[in-house]
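Given the structure is predicted, the values throughout are model-derived calculations rather than measurements. One-based numbering, in listed order, for ligands and for the atoms of each.
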Amino acid sequence: MPYEIRAIEPEQWADALRLWENVFGVGQWLFDSLHIGTVDRKWSHCGVAIDESGRIVSAVDLFMRQVRDESGSPVKVAAVGSVATLEEARKQGLSGQLLERALEQMRLDNCAWSHLFTGTHHHYRRYGWFDAPLKTRRGRFKRVPLPITGVRVLNDQEKDAFLSLMRQWWEADNVARPLTHVRTEQYWREAIRPRMGQGSIHQNREVVLVEQGGEPYGYAVIEKQDEKIRVLETGGDHRRALSGSASLYPGAEVVFDLPFDAPWDEAIQLVSDDVSEQPEPWSMARGLPSGLSDELVKAIFAAKGAHHWQLDNF
Ligand SMILES: CC(C)(COP(=O)(O)OP(=O)(O)OC[C@H]1O[C@@H](n2cnc3c(N)ncnc32)[C@H](O)[C@@H]1OP(=O)(O)O)[C@@H](O)C(=O)NCCC(=O)NCCS
């Protein structure tokens, strides 16, 4: 069957959201929040394959974003997301053609390098992406970490109210951190905020705020999966933020998806026993002729304190 490969038309966006919901089995908001939250978004960033009836059967979306390089300076990165083909249209090269189209778009947009997350690495290796694994730490929350007087799990209104303070804390920690996305105000509002749990979205996530004498000191974003806890982000006073989280879930198995860097190293030791490192193999990257070589991209991943924050996933 002949297919047309091209940029999506604005009126097809709702169809694309349905395709992604269908293929990935997750809510449309996930894809839409990145669309709305990304500054300088262009329709040409989203490539689609259309069948004879005008239906979208495959898509590859690009989120152009500023990400800090090895020295901490922001460079333009093409984050590849929403790669999907309807089951009945697979194995005809559509996704491959859309990845090639995406590479051309990255050249036109002068991107420095490209990043993606996947469980089907071989699909991307064919087009030049290489494995760029990340790592986390695993442990178990101690039963009595730092004594904390005020710990609360924020409700939706409180998350809104504290968002700008969380942003200030987070920015102070990430002002020059390699591999970290430079979050705009728009991105905080449209993409980060729902990823902290909002209404029916991410009901298994909590924002833990730690206060002392009525004054806020730090926050942690945690995700609960069965009995396990995953710490996705902390800001402000990391020792207090993690101690507060541990006081809510004493003895729980925990994954710390946090930078390998001084304040977190110390805070994790304070709140957790039996800490061990584990690889997270889902990340891939590639250099681009218009920007950095593969070697320079690898140097960003290897740089001291480099971190990709979970809430920046795409
Ligand atoms: C991964 C995915 C996007 C691939 O889409 P696709 O359009 O089938 O991709 P392609 O056709 O380019 O390549 C798929 C396979 O078909 C093969 N192929 C390409 N053209 C072909 C043709 N004309 N005839 C037969 N096979 C062909 C490719 O070599 C490839 O082989 P593989 O089995 O070794 O991977 C699709 O399977 C999908 O949506 N999966 C679920 C969501 C997902 O996993 N997304 C990616 C992770 S983020």
Side-chain angles (χ1 to χ4, degrees), residues 1-8 12-35 37-38 41 44-65 67 77-107 111 113-134 136 179 181 191 195 202 223 230 232 257 279-286 288 297 301 308-314:
M1 192 192 284
Y3 295 96
E4 195 187 347
I5 301 284
R6 59 171 169 77
I8 195 168
Q12 291 176 311
W13 184 246
D15 292 346
L17 290 174
R18 276 192 290 274
L19 167 89
W20 293 319
E21 183 178 31
N22 174 345
V23 172
F24 293 108
V26 295
Q28 298 188 3
W29 73 270
L30 188 75
F31 314 99
D32 208 30
S33 63
L34 291 170
H35 170 62
T38 303
R41 180 90 166 127
S44 58
H45 294 168
C46 181
V48 288
I50 316 272
D51 72 8
E52 283 173 317
S53 70
R55 184 176 62 142
I56 298 176
V57 296
S58 184
V60 170
D61 209 352
L62 295 176
F63 303 102
M64 307 300 186
R65 46 174 63 183
V67 176
V77 168
V80 182
S82 317
V83 177
T85 303
L86 284 182
E87 216 158 319
E88 61 266 32
R90 288 183 189 165
K91 294 196 180 289
Q92 300 179 63
L94 294 179
S95 186
Q97 287 179 61
L98 285 168
L99 286 174
E100 278 170 347
R101 182 197 171 279
L103 285 169
E104 173 59 11
Q105 193 63 48
M106 293 174 208
R107 186 186 69 75
C111 294
W113 61 278
S114 172
H115 195 194
L116 61 83
F117 290 88
T118 187
T120 52
H121 296 64
H122 76 281
H123 185 52
Y124 301 96
R125 284 190 198 116
R126 298 188 267 251
Y127 302 97
W129 278 270
F130 56 83
D131 295 16
L134 303 172
T136 55
L179 201 56
H181 175 204
R195 283 164 178 74
H202 279 314
E223 185 171 83
R230 199 173 179 100
L232 308 181
D257 199 341
E280 299 285 348
W282 321 112
S283 155
M284 298 184 84
R286 61 161 287 157
L288 292 168
V297 176
F301 281 79
H308 167 82
W309 293 92
Q310 266 279 321
L311 296 192
D312 289 319
N313 272 5
F314 42 89

Colleague: Considering only residues two or more places apart or on different chains, which pairs with a residue in residues 78-98 satisfy salt bridge (Lys or Arg N to Asp or Glu O under 4.0 Å)?
Modeller: Arg55-Glu88

Colleague: Do Ser283 and His115 pass the side chain to side chain donor-acceptor pair (under 3.5 Å) test, and can you show the C-alpha distance, the side-chain angles, and the key distance before you say yes or no?
Modeller: CA-CA 7 Å; Ser283 155; His115 195 194; 3.0 Å; yes

Colleague: So which protein residues pack against ligand 1 under 4.0 Å, heavy atoms counted?
Modeller: Val23, Phe24, Val83, Ala84, Thr85, Arg90, Lys91, Gln92, Gly93, Leu94, Ser95, Gly96, Phe117, Thr118, Thr120, His122, His123, Tyr124, Arg126

Colleague: Are the side chains of Trp309 and Leu179 in contact, using a 4.5 Å heavy-atom criterion?
Modeller: no

Colleague: Run the side chain to side chain contact (heavy atoms under 4.5 Å, CB included) test against Glu21 and tell me which residues pass, sequence neighbours left out.
Modeller: Gln28

Colleague: Which residues satisfy the ring-ring contact (aromatic ring centres under 6.0 Å, His included) test with Phe24, sequence neighbours excluded?
Modeller: Phe31

Colleague: Roughly how far apart are Arg195 CZ and Glu223 CD, rounded to 0.5 Å?
Modeller: 12.0 Å

